[in-house]
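All figures in this text were calculated on a predicted structure; none of them were measured in a lab. Counting starts at 1 for both ligands and their atoms, in listed order.
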Amino acid sequence: MDLLAANDEPILTRHQKYCTWTPRFTLNVNTFLVPEIPSNFVNAGGEAPGKTRFITRLSPRYNVYEAKEHNYTWKVNYQTWAPDCVQVNIISINEQYPGPTIRARQGDNITVKLENLMPTENVVVHWHGIRQNGTPWDDGTASMSQCAIYSGDTYVYNFTVDRVSWSLFHRGPYFYHGHYGLQRTAGLYGMLIVDAAGKEPFTYDGELSIILSDWWHKSTYEQAVGLSSNPLVWVGEPQSLLINGTGQFNCSATNKYCNATNTQCSPLVSPVQPGKTYRLRIASVASLAALNFVIQGHNMTVVEADGHYVEPVEVDNLDVYSGETYSVLITANQDPSQNYWAGVNVRGRDPKTPTGLAVLNYLPDLPTKLPTGPSPTSPQWNDYAYSKALAKKFVALKDHEELPPLQSDRQLILLNTHNKINGYTKWAINNISVVPPTTPYLAAMKYNITGAYDTTPLPDVYTPRDYNITIPPPNHNAVEGNDVYVFKLNSVVDVILQNANTLTPTINNSSEIHPWHMHGHDFWILGYGDGVFDPVNHPPKYNMANPPLRNTVALFPYGWTAIRFRADNPGVWPFHCHLEAHFFMGMGVMFAKGIDNVGELPTTGMGCGLTKNYIHMHHYLSTWLASFSKIMAINSMNNREKGIHVYGIAPPLGIPTARMTIKWALRGARKCLALDFGLNIHGDRVAGTRFQDGGPRASVWGRQGAGVGVGGVVVFI
Ligand code: C2O
Ligand code: CU
């Protein structure tokens, strides 16, 4: 392990090419070779008969850091709960609401064994903001990455919290939530915090985590039926706004604060020491409302957004759209004899929902001491100019984040419209309202299962190009569809989201804010604008100097938002409006790339739609492969983030020939560099390939003898 020196080297800039990487440490390749194959190798290959295992894995950026395993068992079930003191049914995890916080460090591995105890409902859990690089089947999206976990069944999610960005990786607040029907609205969510493996560009004395949401008393089933009815029965505005799962409904009009004795709805009280600085990790899992977070008397300095560092921005209130996360620093520098309100208000919708409140408790004041003064206010709900100006202030922290490629290979212009299909109200993108198929896309694409989704080519841009965004759609009719945009692996894609008027006639603000979230990728926000996007005049004005990398971005009323991303994560990934009701009504698209580089999918995520047939075939194939044991294939080295990987296999006794084939997918890594790859006899390397540059596969043959093994050291960069 100590072969690698931890060093704090300068971050690569776009001028340094990813592929001309020179190791900054001395690596004695031979030391990494597998001297002999330990007897306890486990089979990492699923159906591969050879015994393989990871011997070690080192975190990228040369920090010598042993990744840790975090194992959880979650029992998901219905439960009665009273988030705002009104008792309703929710979906809980291990009888908790919000669900348990997952906390890990970059490069760690998370295993969640999810037991679906709900007697009448399937479930999935999505890890929002985690790229699932190399594990696209564990993205937790029903119909997309896996079959929903049936009532009574168990599924094991297993993924690494790491990130592609060469300069820095995954850290910061993320969250997880149900991604099936309206299960997020039903309360299935929680925080997922990834600590940085290295030094962060700011310091603090303590931390708090804040999860914001909106809350309805009407059951999510009633909401879902209403949304799928003709005429539409709209879910309406939320009854309350919650901070860490508690809120106040119908409290005294004066301060709108219930000092509840019921622990399920007793508001969050966060103790702080006067004079100290705190990092607040804030996430919004809201179903509908755009939110604004504010702390009475305290400014907040935003230092991170969606897990990427931003130039510090000082604000006295912060817009948080559903799907976004932020880290802000606050200093407890107010009069210490008082406690202070923290509050959350609705933005972008005429507010009918009272402020959700929590208390910042200056120690040693009593937590029960109520703050003086009114509950904190946010800017006017329809002050969009304020929101747009704020959004534009978030730019990447200099020298800490990867910058975008200067050119893109493909551009999509996606028009968001509110439509009707056979009288049913829908949202559509370029006139297509997405209806997720019964067979998950990932399995359908990976195993070429035909007939699983429709393959009519999707329009890259909307027609007609002179569509008038300022009036309700002249032709209300959209169509349903579930085709996929397929991108070349590693190509650079621009997406311009174009907003338009809703179906309601032009009265005040009949265009809404849509927070768009991309799975499997972060993207650079290149620009926002009002009106119709102009493909000639707007791109030259893109922010190429310091665009923020994010996974969620707001599309403002009657405006456009331009993003760029590198399609470098093999899998099928939804890109959708994060408002639960909007995605439910079809507001999303599917992006696929590099399916050939996706490893074998766990069969436990199959068994619905057309994958039922596939499971039988898969079983047959693996039996066949096992009997054909002369060939030992390792096809499962597909979970490979950047870093150094050492592995080996030993042929079963009595097998004269061993062949090791390693296929890898360039998912987290930009490139694979096989440093050494060879045959080992009694620990001496006798044959093989060294410094085989590139990929996507390498293989080595050897003759069996006592103590023979095949091993390799692969560096993914
Ligand atoms: Cu947080 Cu597809 O969502
Ligand atoms: Cu939306």
Side-chain angles (χ1 to χ4, degrees), residues 98-99 124-132 136 138-146 148 173-192 211-214 227 234-235 283-291 306-307 320-325 347-349 414-419 425-429 433-434 436 440-442 497-503 509-523 550-559 561 571-591:
V124 287
V125 170
H126 165 59
W127 317 94
H128 179 112
I130 305 295
R131 290 172 30 98
Q132 298 295 353
D138 279 343
D139 192 38
T141 48
S143 290
M144 294 150 218
S145 61
Q146 67 171 110
Y174 299 101
F175 55 91
Y176 59 82
H177 60 82
H179 212 292
Y180 184 55
L182 302 182
Q183 288 178 340
R184 173 158 58 95
T185 308
L188 182 55
Y189 52 76
M191 208 71 171
L192 196 173
I211 189 160
L212 306 174
S213 54
D214 41 9
L227 292 174
W234 179 237
V235 298
S284 170
V285 299
S287 295
L288 180 67
L291 300 173
D306 294 358
V320 190
Y321 302 102
S322 178
E324 288 188 337
T325 60
R347 306 277 290 128
R349 310 186 71 86
L414 304 180
L415 173 70
N416 294 220
T417 51
H418 199 202
N419 297 85
T425 308
K426 300 283 178 186
W427 288 94
I429 304 306
S433 183
V434 73
Y441 287 108
L442 189 61
L497 294 162
Q498 175 68 60
N499 212 341
N501 206 93
T502 61
L503 279 170
N509 300 300
S510 48
S511 182
E512 297 182 11
I513 298 178
H514 304 284
W516 277 76
H517 168 63
M518 194 182 293
H519 288 226
H521 300 264
D522 292 326
F523 47 74
R550 305 208 51 170
N551 62 52
T552 305
V553 67
L555 173 61
F556 292 107
Y558 300 110
T561 297
V572 183
W573 310 103
F575 177 46
H576 62 91
C577 176
H578 207 260
L579 304 184
E580 189 103 302
H582 287 189
F583 186 40
F584 188 82
M585 293 163 78
M587 195 166 208
V589 288
M590 300 295 148
F591 287 170

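- Within the protein, the number of N, O or S atoms lying under 2.8 Å from atom 1 (Cu) of ligand 1 is 3.
- His514 contributes atom ND1 as its closest N/O/S atom to the Cu ion (ligand 2).
- Using cut-offs of 30° and 60° for the angle between ring planes, the His514 and Trp427 rings count as perpendicular.
- Partner of Phe575 under the side-chain contact (heavy atoms from CB on, under 4.5 Å) criterion, chosen from Leu497, Ile429, Asn551: Leu497.
- None of Thr561, Asn416, Thr552 except one satisfies the side-chain contact (heavy atoms from CB on, under 4.5 Å) rule with Trp516; the exception is Asn416.
- Note: His126 and His179 have perpendicular aromatic rings, judged against thresholds of 30 and 60 degrees for the angle between ring planes.
- Rounded to the nearest 10 degrees, the angle ND1 (His582) to the Cu ion (ligand 2) to SG (Cys577) equals 130°.
- Using bins of under 30°, 30° to 60° and over 60° for the plane-to-plane angle, the ring pair His578/His128 lands in the perpendicular bin.
- Between Trp234 and His582, the ring-plane angle classifies as tilted under the 30° and 60° cut-offs.
- Side chains of His418 and Thr425 form a contact here, defined as non-hydrogen atoms less than 4.5 Å apart.
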